[in-house]
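Here the structure comes first, spelled out in structure tokens, and everything after it is commentary.
All figures in this text were calculated on a predicted structure; none of them were measured in a lab. Just the heavy atoms: all of them, side chains too, but no hydrogens, waters or symmetry mates, feed the values below.
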Amino acid sequence: MQRNALHILLADDDEDDRLFFKDAFEEVKVQTKVEFVFDGLQLMEHLMNPDTKLPDILFLDLNMPKKTGKECLIEIKKTDRLKNLIIAIYSTSSSDEDIEDTFIHGANIYIKKPSDFNALKKIINEVITLNWHYHTSGLNRDNFLLSLK
């Protein structure tokens, strides 16, 4: 792994979304190492492995097979080793219920997947350059949903 590279993990079952995400990360100016898991079960096995280096930010899709993103979020927040992970929900859903549920269960930010590549690059850049200490200390419903003007 590159020295001082930001370690990113994306949990998403959609191959096109993973490639879109990878391509966008290759164009941001921050040095990153991006890893992928393909479903919720694989995510939890990966995170629970004591030899796994935990990511700096986990981008978590809600609609995955075997174990949903919400089930993973709940399990992560109940696990001592994982409970402080920064979790960015990364979903096609923009339902108020999904946003509220993930906020209540401890996600740090909610991002609706953009269909435009430039919008994705802008979102990724904003998320990885966010001052997470400041952002999470004052977390409220108003700053939970990331929307770009």
List for me each residue that meets side chain to side chain donor-acceptor pair (under 3.5 Å) alongside [X], sequence neighbours excluded, and say none if there are none.
X: Gln42; value: none
X: Glu26; value: Lys22
X: Lys77; value: none

Contact check, side chains of [X] and [Y], non-hydrogen atoms, under 4.5 Å:
X: Ile111; Y: Ser91; result: no
X: Leu47; Y: Leu85; result: yes
X: Leu58; Y: Ile86; result: no
X: Leu82; Y: Asp80; result: no
X: Glu75; Y: Met48; result: yes

Ignoring hydrogens, what is the shortest heavy-atom contact between [X] and [Y]? Give both atom names and the distance.
X: Arg81; Y: Pro50; value: NH2-O, 3.7 Å
X: Ala107; Y: Leu73; value: N-CD1, 3.8 Å
X: Ala119; Y: Pro114; value: CB-CB, 3.9 Å

With sequence neighbours excluded, tell me which residues meet salt bridge (Lys or Arg N to Asp or Glu O under 4.0 Å) with [X].
X: Asp116; answer: none
X: Asp39; answer: Lys66
X: Asp23; answer: none

Quick one: pull up [atom1] in [X] and [atom2] in [Y] and give me the separation to the nearest 0.5 Å.
X: Leu62; Y: Ser93; atom1: CG; atom2: OG; value: 6.5 Å
X: Asp13; Y: Glu15; atom1: CG; atom2: CD; value: 11.0 Å
X: Leu60; Y: Ile89; atom1: CG; atom2: CD1; value: 4.5 Å
X: Ile8; Y: Ile57; atom1: CD1; atom2: CD1; value: 4.5 Å
X: Asp101; Y: Lys70; atom1: CG; atom2: NZ; value: 3.5 Å
X: Asn118; Y: Ile123; atom1: CG; atom2: CD1; value: 11.5 Å

Next on the checklist: Hydrophobic clusters here meaning ILVMFWY residues chained together by side-chain heavy-atom distances under 4.5 Å, can you tell me if Leu19 and Leu10 are in one?
Outcome noted: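 Different hydrophobic clusters.
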Item to check | Exam field: side chain Glu71 to backbone Thr68, donor-acceptor pair closer than 3.5 Å | outcome: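 Flag set: sc Glu71 to bb Thr68 pair under 3.5 Å.
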I'd like to check the side chain to side chain contact (heavy atoms under 4.5 Å, CB included) partners of [X]; sequence neighbours left out, ordered by chain and number.
X: Ser94; value: Lys112
X: Asp17; value: Asp12, Asp14, Lys113
X: Lys78; value: Ile74
X: Glu35; value: His7, Leu9, Lys33, His46

Item to check | Pairs where residues 11-42 contributes a residue and the test ring-ring contact (aromatic ring centres under 6.0 Å, His included) is met, not counting sequence neighbours | outcome: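 For residues 11-42: Phe20-Phe117, Phe21-Phe25, Phe21-Phe59, Phe21-Tyr90.
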Next on the checklist: Does anything in residues 54-65 form a side-chain hydrogen bond (donor to acceptor under 3.5 Å, both in side chains)? List the pairs, not counting sequence neighbours.
Outcome noted: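 Output for this query is empty, none listed.
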